[in-house]
Amino acid sequence: MELFGYEIPINMEKLLQTAGKVGILIVVFAIAVPLGKKILSATIQKMSLSRKTKPGRVKTLDKLLVNIFSYVAIFIFIGTLLSILGVNIGPLIAGAGVVGLAIGFGAQGLVSDVVTGFFILLEQQMEVDEYVTVAGIDGVVEEIGLRTTKIRSFDGTLNYLPNRIIENVANHSRGHMRALVDIGISYYNDVDRAIGVLEQLCDEFQKDERFKDGPNAIGVQTIQGTDVVLRVIGQVENGLQWECERDLLKAMKIAFDEAGIELPLNYQVIHKSEELG
């Protein structure tokens, strides 16, 4: 074979053997990786059933171990490919160790990510499918890795957060949550009568299985410029607080309409003074 005016000897037999080995490696890799992921996921599911592990914990470990398996498989693939091509990987591994040591001194952020991610997993600060507030972002945990954590915001945005910026975790999915509803009534209404209507409404909602405690009419919360604000509080199942608040607010509006209790209206009073002749 001639290239740029130079004759390059090519051993076709050796070339075909190498190409065949590379092809076999690719086929084995394409089959082994998905199969390995399925076996790993099935093993984790089986172990979780025997140990009665929480579903969120199972998903967290599943995604983490599958990612680690993928990284190891890619490393093995590259190493095997280099060996087939006749590259001596011994010096490369030794050189990679020296280069990795040098890079490590400048990669403090990466080390911090891994260490923080390890303790998040060890202490079970959050799990997949839990609603959390992390680094000023509210959302549902989709994945926890050793380097990054994925949080899905309620508008659909997927946030990739380096673990090193996670200084505190507000987990809203552990235990019951509070359903709190404030509603304002006009100054011209009887406050005690309005509270009585809310108490009757709360008695009905206390039969709702979503509420674990209450709801209860607390009374007057604030007195503002145009209305008197009344408050109702209850403890509900985790994740149902917004649904229960909406149902309470709707029921309050209907109950006040039936009782003739007016909600506040914004209006302006204009005084016109007579001009002195």
Side-chain angles (χ1 to χ4, degrees), residues 1-51 53-104 107 109-111 113-118 120-122 127-129 140-152 156-163:
M1 178 179 178
E2 186 175 342
L3 182 64
F4 299 113
Y6 294 95
E7 187 68 24
I8 301 176
I10 297 179
N11 189 336
M12 292 301 299
E13 182 179 354
K14 185 177 180 180
L15 181 62
L16 291 175
Q17 289 179 351
T18 302
K21 291 180 181 179
V22 172
I24 293 173
L25 175 64
I26 293 174
V27 172
V28 171
F29 184 80
I31 296 174
V33 171
L35 183 61
K37 290 180 179 180
K38 290 183 179 180
I39 294 174
L40 186 60
S41 297
T43 303
I44 294 173
Q45 292 291 339
K46 186 176 180 180
M47 292 178 61
S48 66
L49 292 176
S50 61
R51 299 184 180 183
T53 309
K54 295 186 300 182
R57 185 64 175 172
V58 174
K59 291 182 180 180
T60 301
L61 294 176
D62 185 15
K63 292 189 176 184
L64 175 64
L65 294 179
V66 166
N67 284 338
I68 294 176
F69 172 78
S70 299
Y71 296 146
V72 173
I74 292 173
F75 178 78
I76 294 175
F77 174 80
I78 294 175
T80 307
L81 179 62
L82 292 176
S83 297
I84 292 175
L85 296 177
V87 179
N88 188 1
I89 63 174
L92 290 177
I93 295 176
V98 175
V99 174
L101 181 62
I103 294 175
L110 178 60
V111 175
D113 286 337
V114 174
V115 172
T116 305
F118 173 77
I120 289 175
L121 293 167
L122 180 65
E127 305 288 357
V128 173
D129 290 340
V140 178
V141 181
E142 286 210 349
E143 184 177 326
I144 303 174
L146 288 177
R147 195 182 70 82
T148 60
T149 296
K150 298 179 183 178
I151 306 292
R152 177 78 67 177
T157 304
L158 182 59
N159 304 278
Y160 293 82
L161 304 178
N163 290 333

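Because only heavy atoms are used, hydrogens play no part in the values below, and waters and symmetry mates are left out as well, while side chains stay in.
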How about I151 and V141: do any of their side-chain heavy atoms sit closer than 4.5 Å?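 Touching, per the 4.5 Å side-chain cut-off.
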Please report the shortest heavy-atom distance between A73 and F29, naming the atom on each side.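 Looking at all heavy atoms of both residues, the shortest contact is O-CE1, 3.4 Å.
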Going by the rule side chain to side chain contact (heavy atoms under 4.5 Å, CB included), which residues pair with Y160 if we only count those two or more places apart in sequence or in a different chain?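 Scan of Y160 (side chain to side chain contact (heavy atoms under 4.5 Å, CB included), adjacent residues dropped) gives K150, L158.
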Roughly how far, to the nearest 0.5 Å, is CG of L161 from OG1 of T148?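 Going from the OG1 atom of T148 to the CG atom of L161 covers 8.5 Å.
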Give me the one residue out of I26, V27, V28 that meets side-chain contact (heavy atoms from CB on, under 4.5 Å) with I24.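 For I24, the side-chain contact (heavy atoms from CB on, under 4.5 Å) check succeeds only for V28.
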